[in-house]
Protein chains: 2
Amino acid sequence: MILSKTSQYAIRVLSYMINSDLQVFSAQHLIQTLHIPDKYLRQLLTTLSKAGFIKSIRGREGGYVFARNADRIYLSSIIETVEGMDKYTSCLLGFSDCNDDNPCSLHEKWTPIREQLLDFLNNTTLAEVKNNQITKF
Amino acid sequence: MILSKTSQYAIRVLSYMINSDLQVFSAQHLIQTLHIPDKYLRQLLTTLSKAGFIKSIRGREGGYVFARNADRIYLSSIIETVEGMDKYTSCLLGFSDCNDDNPCSLHEKWTPIREQLLDFLNNTTLAEVKNNQITKF
DNA sequence: TTTAAATTCTATATCATTATAGTATTTAAT
DNA sequence: ATTAAATACTATAATGATATAGAATTTAAA
């Protein structure tokens, strides 16, 4: 759980939606399917809606649909919305002024791994996560 | 801050010790040099002592010294002691039953990055972190 | 033998994240 | 119009990590 629980929930929801044939997803349906705490997920869905990943349809027969194409939703955007990306971009030992010229003791070895991690988060879209074989959400 | 603050503190202390010419380090000295909260660091030093990385010398003129050679202290051992390694070895989306045969939607892309991360934590020793050029602890 | 400097123990407080609860609002079907 | 099914808002509770506090213990120096 390097990701916060809230980030996990957000990615699981959107990943489920892109891998499903349904168009509209009610909060109730997502709660039961993904086993995420009721009120907590409802709040999160509102957050994801305000951030523009999904849009809500209020009232009876309502629910949530994608607000933009999945190939334009990056993992890092989702994470930035729910917990912020600082944790993933910053120095492993927490120094705000750590850089190549004035590194901490782990900087040299950590930098290439961070690069790969950020490359993954910054360049992986929801569309790339679509896979018919996946059964776990 | 992918690492917990406590892990950061622990690694900073040991990394400072291995990079210093001193032999014995009092809690007071470490607190003032590393700017880590007094009582919190004292508790942590006791934890690191009980875990066998350092040993304490009680009473006047006391302090802490390494309990074993730095080339036998791995980053993952330190992390395991203070916060546990589960967070770094487990599924990115939090599934306990995620594996190659029954993967989550991020499993395939995440696995190689996790491998590198674990390789770094499991195989980097304090001795490798010794570097005269480092001034940040 | 007294004192000062040090570690150890245990209890409590603070803070951010996660979880829960109740009410208000919206809208389609009847 | 009324009702039922849905989202939105706001307040509070629970949990875990981090931080603080004070008393107890140990030991070398004076």
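Values in this document were obtained by computation on a predicted structure and should not be read as measured data. Order of the sequence lines sets the chain letters (A, B, ...), proteins ahead of strands, with each chain counted from 1.
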[Y] and [X] side chains, donor-acceptor separation under 3.5 Å:
{"X": "B:Tyr9", "Y": "B:Ser4", "answer": "no"}
{"X": "A:Asn122", "Y": "A:Ser76", "answer": "yes"}
{"X": "B:His29", "Y": "B:Tyr64", "answer": "no"}
{"X": "B:Ser7", "Y": "B:Glu83", "answer": "yes"}

Show the distances under 3.5 angstrom between N or O atoms of the protein and N or O atoms of nucleotides 1-8 of chain D.
residue: D:dA4; atom: O4'; partner: A:Arg60; partner atom: NH1; Å: 3.4
residue: D:dT7; atom: OP1; partner: A:Ala27; partner atom: N; Å: 2.7
residue: D:dT7; atom: OP2; partner: A:Arg42; partner atom: NH1; Å: 3.2
residue: D:dT7; atom: O2; partner: A:Arg58; partner atom: NH2; Å: 3.1
residue: D:dA8; atom: OP1; partner: A:Ser56; partner atom: OG; Å: 2.8
residue: D:dA8; atom: OP2; partner: A:Thr46; partner atom: OG1; Å: 3.1
residue: D:dA8; atom: OP2; partner: A:Tyr64; partner atom: OH; Å: 2.8

Point-to-point distance, once rounded to the nearest 0.5 Å, from CG of A:Leu30 to CD1 of A:Ile36: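 That separation rounds to 7.5 Å.
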Which pairs would a plain distance check flag for residues 44-58 of chain A, meaning a side-chain donor or acceptor within less than 3.5 Å of a matching protein atom at least two apart in sequence or in another chain?
residue: A:Thr46; atom: OG1; partner: A:Arg42; partner atom: O; Å: 3.2
residue: A:Thr47; atom: OG1; partner: A:Gln43; partner atom: O; Å: 3.2

Aromatic ring pairing A:Phe137/A:Tyr16, orientation class (parallel under 30°, perpendicular over 60°, tilted between):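 Geometry flag for A:Tyr16 against A:Phe137: perpendicular rings.
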Pairs flagged by salt bridge (Lys or Arg N to Asp or Glu O under 4.0 Å) wherever residues 111-133 of chain A is involved - sequence neighbours left out: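 Matches after skipping sequence neighbours: A:Glu128-B:Lys109.
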Provide a list of protein-nucleic acid N or O atom pairs under 3.5 angstrom, restricted to nucleotides 11-15 of chain D.
residue: D:dA11; atom: N6; partner: A:Gln43; partner atom: NE2; Å: 3.2

A:Lys136 and B:Cys98, any side-chain heavy atoms less than 4.5 Å apart: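 In contact.
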Boundaries of the DNA chain C segment in contact with chain B, non-hydrogen, under 4.0 Å: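 First-to-last contact on DNA chain C, by the 4.0 Å heavy-atom rule, is C:dA4 to C:dA11.
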Close approaches to DNA chain C from residues 4-12 of chain A, in residue order (heavy atom, under 4.0 Å):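 Residues of residues 4-12 of chain A under 4.0 Å from DNA chain C: A:Ser4, A:Lys5, A:Thr6, A:Tyr9.
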B:Pro103 to A:Ile134 - nearest heavy-atom pair and separation: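 Scanning both residues, the minimum pair turns out to be O-CD1, 3.7 Å.
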Minimum heavy-atom distance B:Ile113-A:Phe120, with the two atoms named: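 Smallest interatomic distance, heavy atoms only, reads CD1-CB, 3.3 Å.
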B:Gln28, CD atom: more than 12 neighbouring heavy atoms under 6.0 Å: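 More than 12 heavy atoms, drawn from other residues, nucleotides or ligands, come within 6.0 Å of this atom.
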